[in-house]
Amino acid sequence: MAQHRPSAPREPLAARLPAFPWDSLAEAKRAASAHSGGLVDLSVGTPVDPTPERVQQALREASDAHGYPTTVGTAALRDALVDFVVRRRGAGAGAGSDGGSDGGSAGAAGIGHEHVLPTVGSKELVAHLPFQLGIGADGAVAFPHVAYPTYDMGARFVGARSVPVDMERLAAEGDAAIPAEDLGRIGLLWLNSPGNPTGEVLDVSQLRSIVSWARERGIIIASDECYALLPWDVEEVPSILDPRVHGGDLTGLLCVYSLSKQSNLAGYRAAFVAGDPELVGELTAIRKQAGMMLPTPVQVAMTAALADDDAVRAQHGVYRARRTALREAVEGFGGEIHGSRAGLYLWTTFGEDSMASVHELAKLGILTAPGMFYGEAGERFVRIALTASDERISAAVERLTRR
C-alpha cells in the first residue's frame with residue numbers, strides 16, 4: 001500500500017506581508033480618544049462631507065439594476081471619462097486614435113473609448129496592476145521613496161522586487177537614481193503626483209524627463225493622479241496624459257484616477273484608468289476574466305460626478321479653508337511643513353521620531369499618521385489630513401493654539 005508523505009507546510013501569502021500599518025495606531029488612538037473634547041482623527045484621508053446631491057440622485061434612479069454590468073462600462077460612462085480626461089487632465093493631440101473602436105464618440109484630439117476603463121476604486125488597481133501586466137518574481141516595481149504603501153504591496157503580491165525611488169532625482173539624473181542591480185528588472189514605474197503623503201507635484205519638464213527615461217528601457221509608467229484637482233501652491237498639476245509630457249504618444253503610459261477625494265465618493269469605489277489603448281485592452285481582458293465590474297448604479301452615479309465641476313470646485317474651497325486654519329496652528333505648535341503643495345495632507349516634521357510626534361499629538365486628542373508608514377525617508381514626519389469636519393478641524397486648531 002502506497003504511503004502518503006506529508007506535504008510541505010503551506011505558507012500563506014498574508015504571512016509574508018507586513019502588518020497593516022494603521023493597526024499600530026491602536027494605542028495612540030485610545031489615548032487621543034480619552035481627551036475630554038473627544039477624538040480629532042486626522043490620520044486617514046477618508047472624506048467626511050456629503051456626496052454631491054446630483055450624484056446621490058443618479059444612484060437612486062439607477063437602483064433597479066437587475067442585469068450584470070460590463071467590465072468596460074456603459075457608453076455614457078466612457079463618454080464621460082473621455083470628456084473628463086480631455087477637459088480636466090489635458091489629454092491632447094496625438095493619442096493614437098480617431099474614436100472609440102466600439103462606435104463610441106471620440107473626444108478632442110483623438111481620445112476614445114479604448115483609452116479608458118472604469119475600475120472598482122483605485123486601490124484595487126494599484127494593488128493588482130503588476131499581476132494584470134504580467135510582472136512576476138523575476139521583475140521589479142519602482143515607486144516613490146515616500147509613498148502610499150499599496151505600491152509596495154502590489155509588488156509583494158506577485159513576488160517582485162520593490163524599488164523605492166526619489167522621483168525628483170530620477171528626473172534629473174536618470175540611471176543614477178536607481179540601484180544598479182534593479183535597472184534591468186523594473187517593468188513598472190509608479191508615479192504619484194500630487195504625492196501621498198508629501199503633496200509634492202512633478203512639473204511638465206520632470207514628467208517628460210521620466211517618460212523619456214522609462215521609454216528607453218521599456219518600462220511601463222502608471223501615474224496615480226487622484227489628488228490632481230486639489231492644488232494649493234502650484235498653478236497646475238500636469239498629467240501623464242498631457243501631450244507636453246508624452247509628445248503625442250501614449251505608448252506605455254497609464255493614468256490612474258479616483259473620484260473618492262474630489263467628489264466625496266470613497267464609499268462608491270468609483271475610479272478609472274486611462275492611457276495607452278493597448279495596455280487598457282490588456283487590463284480589460286484580464287478584468288473580464290476575473291469578473292471585475294463596477295456596479296451599474298455606481299457607473300451611473302460616476303457619470304454624473306465626472307460632469308459636476310461645481311461640486312468639485314465647492315469641495316476644493318472647503319478644504320482650502322480647513323487647510324489654512326490647520327496649517328497656521330500646526331506651524332504655531334512648532335511643526336515644519338514640507339511640500340504639501342496639493343492634496344489633502346500637511347507633511348509635517350517636529351524634528352523627532354514620527355511615533356514620538358504621534359503620541360505627543362495624541363495627548364491633545366489629535367490622531368495623525370506616522371511618516372514611517374510611507375517609507376524610511378518619512379521617519380521624522382507625520383501626515384496630518386484635512387479630512388475632518390469643520391467642527392473637528394476647529395477643535396484641533398484650538399488645542400494646538402492653546403497648548
Give a yes or no on whether the backbone of [Y] and the side-chain of [X] come within a donor-acceptor separation of less than 3.5 Å.
{"X": "S394", "Y": "D390", "answer": "yes"}
{"X": "R392", "Y": "D41", "answer": "no"}
{"X": "H316", "Y": "L230", "answer": "no"}
{"X": "S63", "Y": "R60", "answer": "yes"}
{"X": "W190", "Y": "P144", "answer": "no"}
{"X": "R215", "Y": "T251", "answer": "yes"}
{"X": "R383", "Y": "P197", "answer": "no"}
{"X": "T71", "Y": "T284", "answer": "no"}
{"X": "R380", "Y": "G351", "answer": "yes"}
{"X": "T119", "Y": "G121", "answer": "yes"}

Closest contact, heavy atoms only, [X] versus [Y]:
{"X": "A155", "Y": "R161", "result": "CB-O, 4.2 Å"}
{"X": "S260", "Y": "R269", "result": "OG-NH1, 3.6 Å"}
{"X": "D64", "Y": "H66", "result": "OD1-ND1, 3.3 Å"}
{"X": "V298", "Y": "Y268", "result": "CG1-O, 3.3 Å"}
{"X": "D233", "Y": "S340", "result": "OD2-O, 4.2 Å"}
{"X": "A160", "Y": "G136", "result": "CB-O, 3.5 Å"}

Taking the basic N atoms (NZ, or NE/NH1/NH2) and the acidic carboxylate oxygens, is any pair closer than 4.0 Å for [X] and [Y]?
{"X": "R88", "Y": "E225", "result": "no"}
{"X": "R313", "Y": "D309", "result": "no"}
{"X": "R89", "Y": "D242", "result": "no"}

Report yes if the side chains of [X] and [Y] come closer than 4.5 Å at any heavy-atom pair, otherwise no.
{"X": "R185", "Y": "V163", "value": "no"}
{"X": "R217", "Y": "D175", "value": "yes"}
{"X": "F373", "Y": "L25", "value": "yes"}
{"X": "T296", "Y": "Y68", "value": "no"}
{"X": "V300", "Y": "L59", "value": "no"}
{"X": "R320", "Y": "R323", "value": "no"}
{"X": "L189", "Y": "L170", "value": "yes"}
{"X": "L283", "Y": "L129", "value": "yes"}

Distance check, rounded to the nearest 0.5 Å: [X] atom [atom1] versus [Y] atom [atom2]?
{"X": "R78", "Y": "E114", "atom1": "CZ", "atom2": "CD", "value": "10.0 Å"}
{"X": "L386", "Y": "Y345", "atom1": "CG", "atom2": "OH", "value": "8.5 Å"}
{"X": "T368", "Y": "H359", "atom1": "OG1", "atom2": "NE2", "value": "9.5 Å"}
{"X": "Y374", "Y": "T198", "atom1": "OH", "atom2": "OG1", "value": "11.0 Å"}
{"X": "I210", "Y": "R208", "atom1": "CD1", "atom2": "CZ", "value": "11.5 Å"}
{"X": "L250", "Y": "I240", "atom1": "CG", "atom2": "CD1", "value": "9.0 Å"}

List the steps and the verdict of side-chain contact (heavy atoms from CB on, under 4.5 Å) for N196 and L344.
CA-CA 8 Å; N196 173 13; L344 292 179; over 6 Å; no
Show your reasoning for whether side-chain contact (heavy atoms from CB on, under 4.5 Å) applies to E168 and Q206.
CA-CA 7 Å; E168 290 189 359; Q206 289 171 315; 3.9 Å; yes
Is the ring centre of Y257 less than 6.0 Å from the ring centre of F84?
yes
Check for me whether the distance between the ring centres of F143 and Y148 falls short of 6.0 Å.
no
Does [X] have more than 12 heavy atoms from other residues, nucleotides or ligands lying within 6.0 Å of its [atom1]?
{"X": "E328", "atom1": "CD", "answer": "no"}
{"X": "E376", "atom1": "CD", "answer": "no"}
{"X": "E236", "atom1": "CD", "answer": "yes"}
{"X": "E278", "atom1": "CD", "answer": "no"}
{"X": "F350", "atom1": "CZ", "answer": "yes"}
{"X": "E181", "atom1": "CD", "answer": "yes"}

Looking at V312, V82, D83, L81, which one forms a side-chain contact (heavy atoms from CB on, under 4.5 Å) with L306?
L81
Could you check S357 against E352 for side chain to side chain donor-acceptor pair (under 3.5 Å), going step by step and ending with a plain yes or no?
CA-CA 7 Å; S357 297; E352 61 188 0; 2.9 Å; yes
For T51 and L265, what are the C-alpha separation, side-chain angles and deciding distance, and is it a side-chain contact (heavy atoms from CB on, under 4.5 Å)?
CA-CA 6 Å; T51 298; L265 287 183; 3.4 Å; yes
Judged by modelled atom types alone, do S205 and D203 share a side-chain donor-acceptor pair under 3.5 Å?
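Judged by distance alone, the side chains do not pair up.
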Evaluate R399 against R402 for side-chain contact (heavy atoms from CB on, under 4.5 Å), listing each step before the verdict.
CA-CA 5 Å; R399 296 173 196 181; R402 182 178 59 191; 4.2 Å; yes
